[in-house]
Protein chains: 2
Amino acid sequence: MALEHAILVSLLEKPGSGYELARRFERSIGYFWTATHQQIYRVLKRMENDGWIDVRDVPQQGRPDKKEYSVADLGRAALSSWLHDPIEPESVRHDLAVKIRGAAFDDPAALIREVERHRQAHRDRLAHYLAGEARDFPRSEADATGPQAPPDAERELQHVVLRGGIRYERMMIDWLDDVLATLARFGPGH
Amino acid sequence: MALEHAILVSLLEKPGSGYELARRFERSIGYFWTATHQQIYRVLKRMENDGWIDVRDVPQQGRPDKKEYSVADLGRAALSSWLHDPIEPESVRHDLAVKIRGAAFDDPAALIREVERHRQAHRDRLAHYLAGEARDFPRSEADATGPQAPPDAERELQHVVLRGGIRYERMMIDWLDDVLATLARFGPGH
DNA sequence: GCTTGCTATGCAACGAGTTGCATAGCAGGA
DNA sequence: TCCTGCTATGCAACTCGTTGCATAGCAAGC
């Protein structure tokens, strides 16, 4: 279970409300860990009860007040403990692969539009990542020729995770091209 | 929810018992959809009640009897309906990425061994996939120069999914190399 | 005879994730 | 004035997934 830890990391990067966290889980964090607002609110409450995070009521103008959460010492300790915990299996849930193998018992050609849709979604996400990289990491230190800036762990680690997302999207697009070429070999009715 | 559909696909490829399905979920199917035996038994029971699958008691010698499941017409129809259902979000759960971003607030260097362990696991899995490909798909039709064999949807779709696994593992290994190079820039205590 | 290990099936309890719904403040436009 | 839409938080019910445990047949080895 790591939603708690994903929230801790996000709050360490920047304190925020449940609503703001939910929006982050639609953007940066959400690219490698999904969560809905109900899940987030529920877990925030538990984390608060456990003393992992502190709350602060923040009155706002022109919109409802919010509760801003930040990481307490206990939360930092919990994160550290989790980071040092070696166990780490990888569970995969790839519907599309199930569909592709299942298509052999149905109409393979009928999957083409579906796969094309996924491919487009990955192209969109790749473009989004690349735009974010150009905006937030204009030139990495590897390109720098002058005196080195001191390494900033938070930035560099965010960047390497983003590069992972970029690699993933490129891999998926290439693979879906392969899938489309394979599906094209089966006409309707095959 | 697609565990039911993954089971249907697996049973269409070859009928089998809950135990055999659990083993398949440790091998081929399990590479893109994980499930434990408890989950599988529970879902099999429900699918049987819903008339999606048929059971047959198979007495065995030298080992306990088993129940062999096979797909019924209703199950085939349910799979077909799911295959034609366009909606298909992609949910990701990538603990390691959370850990990498979290390492900025702890000791980045402490993650190196963990990342190396993951990298080794991916190398092992890649080797396993490549061996399976060499065994089950000795030369693809793209290499064939003589008269083409008739396309076999089941085999070719299994192969393209396996190629996806191979691409994925290669991508992960490359990315983890990138992660290791990044982590190496932060000594202990940074 | 006892233990270990593999095949084979299953229950019970709990925790995580999903879906539907509800409330409420405030802004902007028809 | 009413409706839409965004911010902001939350409950309830349900399903899915995980963990620990239990049972049982049989084989092989000590």
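Since the model is a prediction, treat every value here as computed from it, not as a measurement. Here is the naming used below: chain letters follow the sequence lines, and residue numbers restart at 1 for every chain.
- Remark: Lys67(B) is in phosphate contact with dG10(C), judged by side-chain N or O atoms under 4.0 Å from OP1 or OP2.
- Side-chain contact between Val160(A) and Trp175(B) is present, with at least one heavy-atom pair separated by less than 4.5 Å.
- Atom pair Asp95(B):CG and dG17(D):P shows a separation of 16 Å (rounding to whole Å applied).
- Each of Pro64(A) and His37(A) was assigned the nucleotide of DNA chain D with the nearest heavy atom; the assignment lying further toward the 5' end belongs to Pro64(A).
- Comparing Asp65(B) and Thr36(A) along DNA chain C, the residue whose closest nucleotide (by nearest heavy atom) sits nearer the 5' end is Asp65(B).
- With no hydrogens or angles considered, a side-chain donor-acceptor pair links Glu133(B) and His159(B) at under 3.5 Å.
- Distance, His5(B) NE2 to dT15(D) P: 16 Å, rounded to whole Å.
- Checking the phosphate oxygens (OP1, OP2) of dT9(D), no side-chain nitrogen or oxygen of Tyr19(A) falls inside 4.0 Å.
- Residue whose closest nucleotide on DNA chain D sits further toward the 5' end, between Tyr69(A) and Thr34(B): Tyr69(A).
- Using modelled atom types, one finds a donor on one side chain and an acceptor on the other under 3.5 Å when comparing His128(B) with Tyr31(B).
- Lys45(B) has a side-chain polar atom (N or O) that falls below the 4.0 Å cut-off from OP1 or OP2 of dG10(C).
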For this session: Verify salt bridge (charged side-chain N to carboxylate O under 4.0 Å, His left out) between Glu13(A) and Arg101(B), making sure each step is shown before the conclusion.
Result: CA-CA 9 Å; Glu13(A) 289 177 354; Arg101(B) 273 175 77 151; 2.7 Å; yes
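- Residue Arg46(B) contributes atom CZ, which lies 12 Å from atom C1' of dG17(D) at whole-angstrom precision.
- With hydrogens and angles left out, the side chain of Gln61(A) and the base of dG25(C) share no donor-acceptor pair within 3.5 Å.
- A donor-acceptor contact under 3.5 Å links the side chain of Arg42(B) to the base of dT18(D).
- The side chain of Arg63(B) contributes no N or O atom lying less than 4.0 Å from OP1 or OP2 of dG25(D).
- OP1 or OP2 of dC6(D) has not a single side-chain nitrogen or oxygen of Arg23(A) nearer than 4.0 Å.
- When the C1' atom of dG17(C) is taken as reference, atom CG of Leu3(A) falls 10 Å away, rounded to whole Å.
- Residue Tyr41(A) places no side-chain N or O under 4.0 Å from the OP1 or OP2 atom of dG10(D).
- With contacts defined as side-chain heavy-atom distances shorter than 4.5 Å, the pair Trp82(B)/Asp106(A) does not qualify.
- Protein atom CG of Asp57(B) is 10 Å distant from nucleotide atom P of dT9(C), rounded to whole Å.
- Regarding contacts with the backbone of dG17(C), a side-chain N or O of Arg93(B) is found under 4.0 angstrom from either OP1 or OP2.
- Look at Gln60(A) and you won't find any side-chain N or O under 4.0 angstrom from OP1 or OP2 of dT7(D).
- Distance Glu20(B) CD to dT9(C) P: 8 Å, rounded to the nearest Å.
- The residues Lys66(B) and Glu20(B) are annotated as salt-bridged, a charged nitrogen and a carboxylate oxygen being separated by less than 4.0 angstrom.
- Within the 4.0 Å cut-off from OP1 or OP2 of dT9(C), at least one side-chain nitrogen or oxygen of Ser17(B) is found.
- Side-chain nitrogen and oxygen atoms of Gln39(A) include at least one within less than 4.0 Å of the OP1 or OP2 phosphate oxygen of dT18(C).
- Between the CD atom of Gln38(A) and the P atom of dT15(D) there is a distance of 17 Å, rounded to whole Å.
- Following rounding to the nearest Å, Glu26(A) (CD) and dA8(D) (P) show an atom-to-atom distance of 13 Å.
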